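Have a look at the structure below before the remarks.
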Amino acid sequence: MLDYRIAPSILSADFARLGEEVDAVLEAGADMVHFDVMDNHYVPNLTIGPMVCEALRNWGVEAPIDVHLMVSPVDGLIESFARAGASWITFHPEASAHPDRSLQLVRDLGCKSGLVFNPGTPLHWLEYLAEKVDMILIMSVNPGFGGQQFIPSALRKIEEARRLIDDSGLSIRLEVDGGIKVDNIAAVARAGADTFVAGSAIFGSGDYASTITAMRRELAGSYAED
Ligand code: DX5
Ligand code: ZN
């Protein structure tokens, strides 16, 4: 597995200087921008919406924007984020009345689709939906806040998702989100993840480039040990 991608979560960026923060983290070697959308309904926090996504595009951000919707309902915001320049749009299946329709909507609007699984949510939603999914996102914390501790049972779920992807023969990325740091990213890669969200570990560090470089070194090491 060589195509590892690092996706800093801008939830931990300085919102007063968001454009500069995104430029800095991309300059430091990030592959994509993880954009956390919280509605104070599906999760107990309120963050940023499509206008901020569009503002980043207008600022000149060309990297993929990975929109993680922690909202209910989801369909209206899927449309708004597709118009605002999102590249990926992921949502929590239980937050949509009709997840099959929501996945189709994401693809029809020209974006890559994804389903997100909370620590307590089983993967069985994929049984009839995998064909419409471009990314599976395993939450390794309960959604709502940055800076939480990695929940170890996520490793088992990542392994299960990796088996499911490999057995299906489908091209689906496997992302993990929550509590990812330099010192656990290799274990998460060994479990089968290929895309790594990290918020506080990157934006909370003094030097974004050295943190991302250290993560890549760990990822290269995890590959060598396989
Ligand atoms: C949590 C968000 C995460 C969060 C990750 O609800 O989905 O993307 O920002 O932050 P860290 O890396 O600090 O756990
Ligand atoms: Zn997220």
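In this chain, residues are counted from 1 in sequence order. Numbering of ligands and ligand atoms starts at 1, following listing order. Keep in mind it's a predicted model, so treat the numbers as computed, not measured.
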- With a cut-off of 2.8 Å, strictly less than, protein N/O/S atoms near the Zn ion (ligand 2) add up to 4
- Task: State whether the side chain of Thr47 and the backbone N or O of Met38 hold a donor-acceptor pair below 3.5 Å, judged by distance alone.
- Result: yes
- Message: With a sphere of 6.0 Å drawn around CZ of Arg156, does it hold more than 12 non-hydrogen atoms of other residues, nucleotides or ligands?
- Response: no
Under a 3.5 Å threshold, I'd like every N/O contact between ligand 1 and protein atoms, with atom names and distance.
residue: ligand 1; atom: 6 (O); partner: Gly144; partner atom: N; Å: 2.8
residue: ligand 1; atom: 7 (O); partner: Asp36; partner atom: OD1; Å: 3.0
residue: ligand 1; atom: 7 (O); partner: His68; partner atom: ND1; Å: 3.2
residue: ligand 1; atom: 7 (O); partner: Asp177; partner atom: OD2; Å: 2.9
residue: ligand 1; atom: 8 (O); partner: His34; partner atom: NE2; Å: 3.4
residue: ligand 1; atom: 8 (O); partner: Asp36; partner atom: OD1; Å: 3.2
residue: ligand 1; atom: 8 (O); partner: Asp36; partner atom: OD2; Å: 2.8
residue: ligand 1; atom: 8 (O); partner: Asp177; partner atom: OD1; Å: 2.7
residue: ligand 1; atom: 8 (O); partner: Asp177; partner atom: OD2; Å: 3.0
residue: ligand 1; atom: 9 (O); partner: Ser9; partner atom: OG; Å: 2.9
residue: ligand 1; atom: 9 (O); partner: Asp36; partner atom: OD2; Å: 3.2
residue: ligand 1; atom: 12 (O); partner: Gly199; partner atom: N; Å: 2.7
residue: ligand 1; atom: 13 (O); partner: Gly147; partner atom: N; Å: 2.8
residue: ligand 1; atom: 13 (O); partner: Ser200; partner atom: N; Å: 3.0
residue: ligand 1; atom: 13 (O); partner: Ser200; partner atom: OG; Å: 2.5
residue: ligand 1; atom: 14 (O); partner: Gly179; partner atom: N; Å: 2.8

- Note on the structure: Heavy-atom closest pair (Lys157 atom, Asn118 atom, distance to 0.1 Å) is NZ-O, 2.7 Å
- The side chain to side chain donor-acceptor pair (under 3.5 Å) partner of Asp134 among Arg173, Lys112, Arg107 is Arg107
- Item | Set of side-chain contact (heavy atoms from CB on, under 4.5 Å) partners for Pro119, sequence neighbours left out | Met139, Asn142, Ile151
- Contact summary for Asp36 and Ser9, nearest pair of heavy atoms: OD2-OG, 2.6 Å
- Message: Using the salt bridge (Lys or Arg N to Asp or Glu O under 4.0 Å) criterion, which residues pair with Arg5? Sequence neighbours excluded.
- Response: Asp3
- Any donor-acceptor N/O pair, Ser72 side chain to Ala95 backbone, under 3.5 Å: yes
- Shortest non-hydrogen contact from Ile172 toward Val133: CG1-O, 3.4 Å
